[in-house]
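Have a look at the structure below, then the notes.
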Number of protein chains: 2
Amino acid sequence: MQLEKVTKQQKRIYDDACGLAHALELIGERWSMLIVRELAYGPRRFSELKADLTGISANVLTQRLSDLEQRGIIRKAKLPPPASVQVYEATDWGLEAAPVIARLGRWAARSPLHDPTLPISHVAIMMSLETMIDPTRAGDLKGRLGFRLGETSYVAVLRNGVLDIQRGEIADCDVVFTAVPAALAGVIYGGAPLETIGVEGDIALARRFVTLFPLPEKVSRD
Amino acid sequence: MQLEKVTKQQKRIYDDACGLAHALELIGERWSMLIVRELAYGPRRFSELKADLTGISANVLTQRLSDLEQRGIIRKAKLPPPASVQVYEATDWGLEAAPVIARLGRWAARSPLHDPTLPISHVAIMMSLETMIDPTRAGDLKGRLGFRLGETSYVAVLRNGVLDIQRGEIADCDVVFTAVPAALAGVIYGGAPLETIGVEGDIALARRFVTLFPLPEKVSRD
DNA sequence: CCGTATCCAATAAGATACTG
DNA sequence: CAGTATCTTATTGGATACGG
């Protein structure tokens, strides 16, 4: 008879002082980094997150949001009236993780196993533009680009080979793209013709812009 | 009677074209990134990995190694005779993930929850030096530093505020440190006196060197 | 020493229904 | 819409036995 079967298995913590191990305790659980990604361009509400993180269930999302909040990576906020809805937003420190995980994504894009035809969120496609732009191809091309992706709009400012992206209303743009995220991805990365999405404004700039994102060469299977 | 209870729950795959999601499928499982970290400075054998990844069990390590190999991130290799032992090493592409995950570690070091007193592997401490050095403090300081960390030795070349680290025999070094990883961490990050570890050679350089790694300021809990 | 195979217990994740 | 509650399935880790 085993009266006191001691639970030796603690809480599945890495016993490791390395910063990486700690990072994995902070955002290494399933879905956590994707949640941080979704908050990269500003606050989102529960239902948006649930919709854009295909396959996450409500209880896991709840759990992750609460864990990330406890760890100081995100916080709850209330949008100002008249919206007054509750949203989740990244803290300043949490936001600093975004460029790092974006680089992880860039690394993985070289995998021969990567399937770019899966669904993609508007945050993910915008972040990929920021990460995958080739500064050499961009040269000294400048412009202010608008993106209408379903309900959500972004403005990207191109200068010195760098894209500076912000979520927000489209104003004073040289060119405006209108598309669902997957269609935009098809044009930028899949070689689909520009005509498959909506383009208003400086068409020449648009044509040039969509060529600035070369697919990284796939790794060969040794 | 349920004859065909369909298994809808597939393989816990993210249904997401985003590179980050794919990265997490490649190296997002528990232990995977730590294994890549351990291979950052060259091949290691099974028992070394098991010893340095505190808490991993043999069957999980086996599983991860085989997954990572299938995905093209690591490969099996045999050390040349007379050693002739089997080792695991990162592929060129796998190695490219190392600086990215190192930056993840740097990000996490700012967490107020980080406990730097846990055990640390020699790879982890060497990688942290590469990541945490402050180029401004280093200025134009130059030198060739040797590290004897238990069985394993590293050589770090400091130039232009950058540390270039390689595993290998110590030769022609200006100064050589001898310590267990935790003791070296204590001196570099914990403010322990230099006398707590072994130092041979240019003591002045050693004193200067250990000040080049400022702890990042902790995030304040909002 | 270097793993692999098997079995068990604990935890995490997913599906679904349901509540304020 | 924003989550909880409950139940089921999958993954993990620990122990141990076994083969090269």
Side-chain angles (χ1 to χ4, degrees), chain A residues 2-16 21 24-25 27-35 38 43-69 74-79 82-89 151, chain B residues 2 4-16 21 24-25 27-35 38 43-70 74-79 82-89 151:
Chain A
Q2 298 151 301
L3 276 187
E4 304 181 25
K5 182 128 195 184
V6 183
T7 303
K8 256 175 287 178
Q9 209 163 320
Q10 306 252 29
K11 286 170 69 188
R12 231 172 253 193
I13 287 292
Y14 295 111
D15 190 24
D16 192 327
L24 294 173
E25 282 168 4
I27 56 172
E29 291 162 290
R30 194 165 158 73
W31 298 109
S32 291
M33 291 195 207
L34 297 179
I35 292 172
E38 285 299 316
R44 313 288 305 278
R45 42 200 303 188
F46 189 93
S47 54
E48 295 179 293
L49 293 172
K50 176 141 169 30
D52 285 342
L53 298 169
T54 326
I56 198 171
S57 56
N59 47 5
V60 172
L61 181 54
T62 303
Q63 179 71 50
R64 289 296 175 280
L65 290 172
S66 124
D67 287 348
L68 290 172
E69 189 183 3
I74 71 174
R75 70 167 85 87
K76 281 183 188 164
K78 210 174 190 99
L79 248 39
S84 293
V85 297
Q86 185 191 276
V87 289
Y88 295 88
E89 66 183 5
E151 307 272 276
Chain B
Q2 298 149 301
E4 304 182 25
K5 180 128 194 182
V6 183
T7 302
K8 255 176 289 180
Q9 206 164 321
Q10 308 252 30
K11 284 169 71 191
R12 229 173 253 192
I13 286 291
Y14 296 111
D15 190 25
D16 192 327
L24 294 173
E25 282 169 3
I27 57 172
E29 291 162 289
R30 196 167 155 72
W31 297 109
S32 291
M33 291 196 207
L34 297 180
I35 292 172
E38 285 300 316
R44 313 286 307 277
R45 42 201 303 191
F46 188 92
S47 54
E48 295 178 293
L49 293 171
K50 177 141 169 28
D52 285 342
L53 298 170
T54 325
I56 199 172
S57 58
N59 46 5
V60 172
L61 180 53
T62 302
Q63 179 70 48
R64 290 296 176 282
L65 290 171
S66 123
D67 287 348
L68 290 172
E69 190 183 2
Q70 265 199 308
I74 70 174
R75 71 168 84 88
K76 282 184 187 166
K78 210 175 191 98
L79 249 39
S84 293
V85 296
Q86 185 188 278
V87 289
Y88 296 89
E89 65 183 6
E151 307 272 277

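A, B, ... follow the sequence lines: proteins, then strands. Residue 1 opens every chain.
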Can you name the nearest heavy-atom pair linking E89(A) to P43(A), along with the distance? CB-CB, 3.9 Å
Listed by chain and number, what are the side chain to side chain contact (heavy atoms under 4.5 Å, CB included) partners of [X], not counting sequence neighbours?
X: K78(A); value: none
X: D15(A); value: T54(B), L118(B), P119(B)
X: A51(A); value: none
X: S66(B); value: none

Which residue lies more 5' along DNA chain D, comparing Y14(A) with K76(A) via nearest heavy atoms: K76(A)
For [X] and [N], give me the distance from atom [atom1] to atom [atom2], rounded to whole Å.
X: I13(B); N: dA10(D); atom1: CD1; atom2: P; answer: 14 Å
X: I56(B); N: dC2(C); atom1: CD1; atom2: C1'; answer: 15 Å
X: D15(B); N: dG14(C); atom1: CG; atom2: C1'; answer: 14 Å
X: L24(B); N: dT11(D); atom1: CG; atom2: P; answer: 16 Å
X: Q86(A); N: dG3(D); atom1: CD; atom2: C1'; answer: 10 Å
X: L79(A); N: dA2(D); atom1: CG; atom2: P; answer: 11 Å
X: E151(B); N: dC1(C); atom1: CD; atom2: C1'; answer: 15 Å

Here the residues of residues 60-68 of chain B within 4.0 Å heavy-atom distance, strictly under, of DNA chain C are T62(B)
Output yes when at least one side-chain N/O atom of [X] is less than 4.0 Å from OP1 or OP2 of [N], else no.
X: Y88(B); N: dG3(C); result: yes
X: W31(A); N: dG14(C); result: yes
X: R45(A); N: dA2(D); result: yes
X: R30(A); N: dT11(D); result: no

Based on the rotation axes of five pairs at each end, what angle does the helix from dG3(C)-dC18(D) to dG20(C)-dC1(D) bend through, to 10°? 30°
What residues, two or more places apart in sequence or in another chain, satisfy ring-ring contact (aromatic ring centres under 6.0 Å, His included) together with F46(B)? none
Which nucleotide in the set dC7(C), dG14(C), dG3(D) lies at the smallest distance from any side-chain heavy atom of S57(A)? dG14(C)
Please enumerate all residues that pass salt bridge (Lys or Arg N to Asp or Glu O under 4.0 Å) together with R44(B), with sequence neighbours excluded. E38(B), E48(B), D52(B)
Applying side-chain hydrogen bond (donor to acceptor under 3.5 Å, both in side chains), name anything that partners E25(B), two or more places apart in sequence or on another chain. none
Reported CG-to-OH distance for the pair L34(B) and Y14(A), which is rounded to 0.5 angstrom: 5.5 Å
Side-chain donor/acceptor of N59(B) to base of dT12(D), under 3.5 Å: no
Give a yes or no on whether the backbone of G28(B) and the side-chain of R30(A) come within a donor-acceptor separation of less than 3.5 Å. no
Need to verify one output field. Residue with the more 5' nearest nucleotide on DNA chain C, K50(A) or E29(A)? E29(A)
